[in-house]
Amino acid sequence: MEQYAIKGGIPLVGEVEIGGAKNAALAILAASIMTDETVLVENVPDVRDTNVLLQAMQSIGAIVERVDRHTVKINGAHINSLTIEDDYIKKIRASYYLLGALLGKYKKAEVSLPGGCNIGSRPIDQHIKGFKMLGAEVKIEYGLIATEAPKLVGSHIYMDVVTVGATINVMMAAAMAEGLTIIENAAKEPHVVDLANFLNSMGANIKGAGTDVIRIKGVEKLHKTEYAIIPDQIEAGTFMMAAAVTKGDITVKNVIPKHLESISAKLQEIGCEIEESDDAVRVVSSKRLTHTQVKTLPYPGFPTDMQPQIAVALALSEGTSIVTESIFENRFKYVDELTRMGADIKVEGNTAIITGVTKYTGASVTAPDLRAGAALVIAGLGAEGYTTVDDIKYIERGYEDFPAKLQGLGAHIEKVETEKDFRKFQLEVV
Ligand code: UD1
């Protein structure tokens with residue numbers, strides 16, 4: 001079984017180039033089929049989730065050409081099926097973005113009900129409500145979510161919860177509806193804004209993305225565009241936490257520092273030094289970190305996708321920290337694994353009470369989901385001795401070249417497949 005083998009205890013130092021945002025890419029790639037003209041998308045991360053989505057798009061007749069590792073050309077002129085029932089697609093949550101994209105363009109779509117990371121129940125009622133308010137019928141049967149509309153008509157939609165997925169899905173469908181749609185209580189995440197910018201570059205008329213109220217004037221047709229995806233806020237944040245945990249000095253490059261503010265602020269609060277420039281953030285961790293409180297919130301609050309990583313840093317900090325998860329109810333599954341590495345964490349409901357310890361020790365642990373998996377890797381890098389992280393398929397869903405990027409910062413980490421590989425790794429890094 002593939003796993004990451006890690007020898008911890010080395011401060012990570014250097015610069016790391018951050019790739020395109022996975023979550024923006026998933027929305028933008030899906031939206032690319034909304035025109036019959038060819039769309040060029042740059043800065044697409046080469047990770048499992050984006051590749052699975054591209055495969056699913058190909059399976060319904062989209063032409064996908066990889067210009068280079070991070071650039072794809074997509075043509076949706078010859079879509080020949082509006083049903084996506086791919087076995088793989090269920091594994092990625094964002095498969096449902098094809099619903100909004102196909103519904104907008106063809107007024108009909110059927111997609112396997114999404115799965116994704118097992119971080120709690122993930123309802124789709126707000127997506128359904130949004131589609132219905134645009135005039136579509138929505139049915140769930142035979143494991144598919146099916147939606148169809150004689151025509152889509154703009155509407156005034158109030159989201160009951162702040163949801164990235166539903167905001168994105170409804171935005172796509174409404175971009176090609178008749179008349180004005182207003183989404184209230186919209187999500188403000190950078191990838192919501194990126195999708196709006198992308199759709200506008202295709203001729204859509206979307207205003208207010210990045211605020212609570214998004215106004216979309218539907219257009220009949222969208223056209224070709226060339227577009228580069230924003231940098232990945234969570235990949236950047238993960239490396240920033242790696243600096244904090246390993247007592248390192250890491251500069252994340254090719255980032256938008258504004259998108260990282262909630263993460264930078266917390267790191268500063270617990271004793272790291274932060275230096276920002278136009279498109280880079282440097283994190284220096286030179287002393288014992290101190291405790292704090294973190295509550296995950298929709299953007300611009302502290303991202304739920306960074307909760308496990310900061311918990312790994314706080315578990316090594318002086319004093320007692322409190323981490324409250326307010327977005328997903330099942331996001332503390334890494335705690336038992338981290339406890340095996342020496343952490344002292346007690347979970348009560350959606351709160352983790354973390355009593356700082358002075359060190360982690362290496363152990364065999366298993367990634368329970370994407371971000372928690374990355375967090376366990378960071379813990380291994382900060383631990384004494386050897387750690388193995390299993391189930392790295394989760395991590396590979398969202399981190400491109402994770403071991404190589406960490407090696408570039410001086411880490412001893414390698415992907416191994418057998419016990420023999422692991423022994424070899426141990427001999428090499430002694
Ligand atoms: C997206 C991100 C994910 C991130 C999450 C929160 C992608 C592909 N994934 O997930 O990495 O962790 O945002 O920032 O971009 N909800 C409902 N009804 C709905 C939809 C959501 O009640 O119809 C609730 C969810 O249960 C959750 C909250 O709304 O409590 C936020 O979920 P949402 O923002 O939709 O997350 P995703 O789009 O699935």
Side-chain angles (χ1 to χ4, degrees), residues 20-31 44-45 47-50 52-53 56 89-101 111 113-133 138 140 145 147 157-173 183 185-195 212 229-230 232-235 237-238 259 262-263 295-310 324-333 350 369-375 394-395 397-399:
K22 170 188 80 94
N23 287 346
L26 292 168
I28 285 171
L29 293 174
V44 179
V47 293
R48 197 161 291 169
D49 273 13
T50 51
V52 168
L53 181 67
I89 201 75
K90 279 185 270 184
K91 299 196 180 118
I92 66 163
R93 180 92 197 139
S95 54
Y96 59 31
Y97 288 156
L98 289 169
L99 275 177
V111 177
L113 267 177
C117 262
N118 186 15
I119 53 179
S121 91
R122 296 175 81 167
I124 51 168
D125 56 304
Q126 299 303 305
H127 302 241
I128 294 172
K129 168 173 147 176
F131 292 154
K132 282 188 173 164
M133 289 199 73
V138 186
I140 296 181
I145 164 159
T147 177
I157 300 164
Y158 189 91
M159 294 288 177
D160 299 330
V161 286
V162 179
T163 139
V164 175
T167 302
I168 284 180
N169 237 338
V170 172
M171 196 198 296
M172 288 198 279
I183 307 178
N185 199 26
K188 296 181 280 203
E189 265 69 2
H191 38 299
V192 172
V193 180
D194 210 29
L195 173 70
D212 295 326
I229 290 169
I230 51 164
D232 198 306
Q233 174 203 13
I234 306 300
E235 186 194 9
T238 301
H259 294 168
S262 62
I263 301 163
K295 183 173 184 184
T296 62
L297 287 169
Y299 190 83
F302 192 88
T304 173
D305 284 357
M306 284 298 302
Q307 182 262 102
Q309 300 90 315
I310 197 161
T324 308
E325 172 56 59
S326 72
I327 312 285
F328 294 113
E329 75 269 24
N330 200 7
R331 246 195 152 160
F332 287 125
K333 284 198 303 188
N350 68 345
D369 59 65
L370 164 60
R371 304 302 173 186
Y394 290 116
I395 302 172
R397 284 185 44 203
Y399 291 88

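Note that these values count all heavy atoms, side chains included, but never hydrogens, waters or copies made by symmetry. Counting convention: from 1, in listed order, for ligands and their atoms alike.
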Q: Which pair of heavy atoms, one from Ala374 and one from Thr238, lies closest together, and at what distance?
A: CB-CG2, 4.1 Å

Q: Taking the side chain as everything from C-beta on, heavy atoms only, tell me whether Asp305 gets closer than 4.5 Å to Asn23.
A: yes

Q: Thr324: which residues meet the side chain to side chain contact (heavy atoms under 4.5 Å, CB included) condition with it, sequence neighbours left out?
A: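 Counting only residues at least two positions away or on another chain, Thr324 forms a side chain to side chain contact (heavy atoms under 4.5 Å, CB included) with Lys295, Ile322, Asn350, Thr351.
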
Q: At a 4.0 Å threshold, what atoms of ligand 1 neighbour a non-hydrogen atom of His191?
A: 15 (O)

Q: Taking both backbone and side-chain atoms of Leu26, is any N or O found less than 3.5 Å from an N or O belonging to ligand 1?
A: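 Such a contact does not occur with ligand 1.
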
Q: Backbone or side chain, does any N or O of Lys22 fall under 3.5 Å from an N or O of ligand 1?
A: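 Looking only at distances, the answer is no, because the N/O contact criterion of under 3.5 Å is not met.
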
Q: As a check for students: among Ile327, Asp160, Thr304, identify the option with a heavy atom nearest to atom 30 (O) of ligand 1.
A: Ile327

Q: Give me the ring orientation class for Tyr299 and His259: parallel if the planes are under 30° apart, tilted from 30 to 60°, perpendicular past 60°.
A: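 Taking His259 first and then Tyr299, their aromatic rings stand perpendicular (interplane angle over 60°).
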
Q: Out of all atoms in ligand 1, which are within 4.0 Å of some heavy atom of Asn23? Include the element for each.
A: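 Counting atoms of ligand 1 from 1, those under 4.0 Å from Asn23 are 2 (C), 3 (C), 7 (C), 8 (C), 9 (N), 11 (O), 15 (O).
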
Q: Would you mind reporting whether Met172 and Leu195 have side-chain heavy atoms less than 4.5 Å apart?
A: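 Leu195 reaches Met172 side chain to side chain.
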
Q: At under 4.0 Å between heavy atoms, is it the side chain or the backbone of Tyr299 that contacts ligand 1, or both, or neither?
A: neither

Q: Only heavy atoms count here, so choose which of Asp305, Thr296, Val161, Asp49 is nearest to atom 12 (O) of ligand 1.
A: Asp305

Q: Near Tyr96, which atoms of ligand 1 are under 4.0 Å from a heavy atom of that residue?
A: 37 (P), 38 (O), 39 (O)

Q: Could you tell me whether Gly165 and ligand 1 have an N or O pair separated by under 3.5 Å?
A: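 Between Gly165 and ligand 1 (N or O atoms, distance only) the closest approach is under 3.5 Å.
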
Q: Judged on heavy-atom distance to atom 20 (C) of ligand 1, which of Ala166, Pro123, Ser95 sits nearest?
A: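 When every heavy atom of Ala166, Pro123, Ser95 is considered, Pro123 comes closest to atom 20 (C) of ligand 1.
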
Q: At under 4.0 Å between heavy atoms, which part of Val162 makes contact with ligand 1: side chain, backbone, both or neither?
A: backbone

Q: Taking 4.0 angstrom as the limit and counting only heavy atoms of Ile124, give me the atoms of ligand 1 inside it, by number and element.
A: 19 (C), 23 (O)

Q: Which atoms form the tightest heavy-atom contact between Pro45 and Ala21, and what is the distance?
A: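 So the two residues come closest at CG-C, 4.2 Å.
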
Q: Within a strict 4.5 Å, meaning less than it, do heavy atoms of the Ile263 and Pro303 side chains meet?
A: yes

Q: Is a donor on one side and an acceptor on the other found under 3.5 Å between the side chain of Arg331 and the backbone of Glu325?
A: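 A pair under 3.5 Å: no.
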
Q: Mind checking whether Arg331 contacts ligand 1 via backbone (N, CA, C, O), side chain (CB onward), both or neither, at a 4.0 Å heavy-atom cut-off?
A: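 It is the side chain that gets close, since no backbone atom is under 4.0 Å.
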
Q: Which of the listed options, Ile234, Asn169, Thr163, Val192, holds the heavy atom that is closest to atom 35 (O) of ligand 1?
A: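 Ranked by closest heavy atom to atom 35 (O) of ligand 1, first place is Thr163.
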
Q: Looking just at side-chain N and O atoms, do Arg371 and Tyr399 make a donor-acceptor pair shorter than 3.5 Å?
A: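 Note: Arg371 and Tyr399 side chains meet the donor-acceptor criterion.
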
